[in-house]
Amino acid sequence: MPIYNAPTKDLQFVLHDLLNVSEQDIPGFDDLDRDFTGAVIEEAGRIAAEVLHPLNVVGDTEGCTLENGVVRTPTGFKAAFEQMKEGGWTAMDCDPEYGGQGLPYVMHSAAQEPFVSANMAFNMYQGLTHGAYSAIHAHGSDAQKQTYLPKMVTCEWTGTMNLTEPHCGTDLGLMRTKAVPQADGSYKITGQKIFISAGEHDMAENIIHLVLAKIEGGPEGIKGVSLFIVPKFLVNEDGSLGARNGVAVGSIEEKMGIHGNSTCVMNYDDATGYLVGEEHKGMRAMFTMMNEARLGVGLQGYAQAESAYQNAVAYANDRLQGRDVTGPKNPDGPADPLIVHPDIRRNLMDQKSFVEGARAFTLWGAYLIDRAHRNSDKDADGLISLMTPVLKGFLTDKGFEYAIAAQQIYGGHGYIEEWGMSQYARDARIAMIYEGANGVQALDLVGRKLAQDGGKHVMGFFEMVKTFLKENEGNEALKKDFLDPLKAASKDLQAAGMYFMQNATKPNNALSGSYDFMHMMGHVCLGLMWARMAKAAQEALDAGASDKAFYETKIATGRYYMARQLPSTAMHLARINSGGDTVMALDAANF
Ligand SMILES: Cc1cc2nc3c(=O)[nH]c(=O)nc-3n(C[C@H](O)[C@H](O)[C@H](O)COP(=O)(O)OP(=O)(O)OC[C@H]3O[C@@H](n4cnc5c(N)ncnc54)[C@H](O)[C@@H]3O)c2cc1C
């Protein structure tokens, strides 16, 4: 049985030593003192470890079943969902007007990590509901908000996001689902959506589907897409549940991972739908909640790597194989534990330095979202918009890579289901695909975000790195191990940015390098996070922090990232500079 313990101390370190949340001039942040955030994270960690984690393997092995139109979730999911609802965990950052607790998004994200690490498939029921809540909250009418949000905040009603159709996932302009206006102002929705997470299940009284569809006679392509609320059960004037709507699950998918989450084909047959926001502005409505949704998927990536890493460390300490090359460490035993071997150390350090950097990057992103929303800060909004494809694409690629790396520590046992390591890799894999496949994230970054507002946000990011380097140039403890590598990597990133500017009229050149740029930027972001964390840890040590080992470990882990991971920006730059010719050289027939 795999283990999981919430990294409460690391989460607190990021919130307080790195982000200084309680000192920020953002409404609601002054409540986030160490005692409060500590209590929330401890309790989230306890529930994650004691309630959700034991159900992770159950969900994987049992999966969901469909019988007579009813989807049953795995044993124990329903009771655990009730516990999450009763504890108010579904409502943390939701609007108090609709029953939420109004806590900052950064607090919500910090509490989410243990839930996602412990049981990603389970947490998606609540995660999708949160996404649907945000879309209605941002774009719904007052009446829609009053009707749906209070029940969605508590997860008595869950939510879904219906974009994908059999013939289109990325290119949603090809969508065929139709919406026909009715005399009473509602619409009749007809069409098929596939791969709908939590589309049908037995844990909620009602399911509120958010559906993208084209209103008949509207503009062609993506400009003709509108967003609709389609409840499973229609809601009466008094808020009680009415007739069953014309939406039904057709089948559930057999898939590689997240077996505990139902992935449904949803058939809409003259289903009653209610327009959210304006006609033909459905994509805009979806996009306003994209930053949060994609940050949440990035979190899934590193949260799976965190769980896998914890198990890999335990195994490396336990499994006896071979001897330490510098002399036995377990002379009375038949062999030394795996953890003595440099190559095992390399692998574990790769995992550890990624996960801790990713946690900082994600919570920094969540803090930017709070700053953008709560302070109406346009720069923060622009910066998080730039970072969103990086948070999603880089963290999920690496999260999967390190879930596999953790599996490798187990040798053959990692490949055997009994040890639970394959589940982390299988579950992590989907995060690279949904919510916009990672190749499309790279496209968004290079094709759209770099040039957004005249390149202001990427220039702002370069400036931020430059300012940090300048402010700390006299810090000898940081210079060689942190500042110099960050400076070099940032220079690589700027050179790549320059290449894209010079190749703006040669799209094949630019887009052949987009994936490399996304990874390069991810590395620079983690490098910046590590330099800041090292500084914070050094300051804590200088101030006589009692937990010396914790802060020294932080600095040593950061040093590893800067020395062994960050230099990959040079390789990415070389690839980008090689242009698109080698990428595009073959005729399609020659593949
Ligand atoms: C388990 C699971 C859960 C899901 N949950 C949901 C959900 O809740 N709601 C929902 O609406 N959808 C959901 N999806 C669908 C998911 O979001 C899509 O599968 C995804 O967006 C990709 O769409 P597609 O599968 O049609 O691939 P395609 O769009 O056909 O893309 C195939 C490949 O081509 C690449 N590609 C496409 N266009 C370009 C381009 N212009 N340039 C470069 N590369 C390109 C993509 O990156 C991808 O690698 C889910 C999918 C799965 C498997």
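Whatever order the structure lists ligands and atoms in, that order sets their numbers, starting from 1.
- Protein heavy atoms are found inside the 4.0 Å sphere centred on atom 10 (C) of ligand 1.
- Between Asn438 and ligand 1, no N or O atom pair is found at a separation short of 3.5 Å.
- Protein heavy atom at the shortest distance from atom 12 (N) of ligand 1 is Thr164 OG1, 2.7 Å.
- For the pair Lys193/Ile196, a side-chain contact is recorded, criterion being any heavy-atom separation below 4.5 Å from C-beta on.
- For ligand 1, the atoms lying closer than 4.0 Å to a non-hydrogen atom of Met161 are 7 (C), 8 (O), 9 (N), 10 (C), 11 (O).
- Panel note: side chain Asn162, backbone Leu210; a donor-acceptor pair is recorded below 3.5 Å.
- No salt bridge links Lys188 with Asp270; every basic N to acidic carboxylate O contact stays at or beyond 4.0 Å.
- In summary, Arg359 and Glu306 engage in a salt bridge, as defined by a charged side-chain N under 4.0 Å from a carboxylate O.
- Nearest non-hydrogen protein atom to atom 36 (N) of ligand 1 is Val440 CG2, 4.1 Å.
- For atom 53 (C) of ligand 1, a protein heavy-atom neighbour is present inside the 4.0 Å cut-off.
- For Thr61, the side chain to side chain contact (heavy atoms under 4.5 Å, CB included) partners at least two apart in sequence or on another chain are Val57.
- Protein heavy atom in closest approach to atom 43 (C) of ligand 1: Leu443 CD2, 4.5 Å.
- Within the 4.0 Å cut-off (strictly below), no protein heavy atom is located near atom 32 (C) of ligand 1.
- The closest protein non-hydrogen atom to atom 2 (C) of ligand 1 is Ile430 CD1, 3.7 Å.
- Between Lys178 and Glu216, none of the side-chain N atoms (NZ, or NE/NH1/NH2) sits under 4.0 Å from a carboxylate O, so this pair counts as no salt bridge.
- Considering only non-hydrogen protein atoms, atom 47 (O) of ligand 1 sits nearest to Ala437 CB, 3.2 Å.
- Checked against a 3.5 angstrom limit, the closest N/O atoms of Thr170 and ligand 1 fall inside it.
- For atom 28 (P) of ligand 1, the nearest protein heavy atom lies closer than 4.0 Å.
- For the pair Lys78 and Asp202, the salt-bridge criterion is not met [side-chain N within less than 4.0 Å of a carboxylate O].
- Distance alone, capped at 3.5 Å, is enough to place a donor-acceptor pair between the Thr90 side chain and the Val153 backbone.
- Under a 4.0 Å criterion applied to the non-hydrogen atoms of Ile433, ligand 1 contributes the atoms 20 (C).
- Of the protein's heavy atoms, at least one falls inside 4.0 Å of atom 5 (N) of ligand 1.
- The protein heavy atom nearest to atom 8 (O) of ligand 1 is Ser197 N, 3.0 Å.
- Residue contacts with ligand 1: Gly436 is placed with no nitrogen or oxygen under 3.5 Å of a nitrogen or oxygen of the ligand (distance criterion only).
- Checked against a 3.5 angstrom limit, the closest N/O atoms of Asn162 and ligand 1 fall outside it.
- Counting only non-hydrogen atoms, the option in Phe195, Tyr434, Tyr515 that gets closest to atom 17 (O) of ligand 1 is Tyr434.
- Between Asp60 and Arg426 there is a salt bridge, since at least one side-chain N of the basic residue sits less than 4.0 Å from a carboxylate O of the acidic one.
- The single protein non-hydrogen atom nearest to atom 23 (O) of ligand 1 is Gly169 CA, 3.3 Å, given as residue, atom name and distance.
- The structure places CE of Met152 at 11.0 Å from CD of Gln126, a figure rounded to the nearest 0.5 Å.
- Distances below 4.0 Å separate heavy atoms of Glu435 from the following atoms of ligand 1: 17 (O).
- No side-chain N or O of Gln304 forms a donor-acceptor pair with one of Ser117 less than 3.5 Å apart.
- A salt bridge does not link Glu220 to Lys214: none of the charged nitrogens lies less than 4.0 Å from a carboxylate oxygen.
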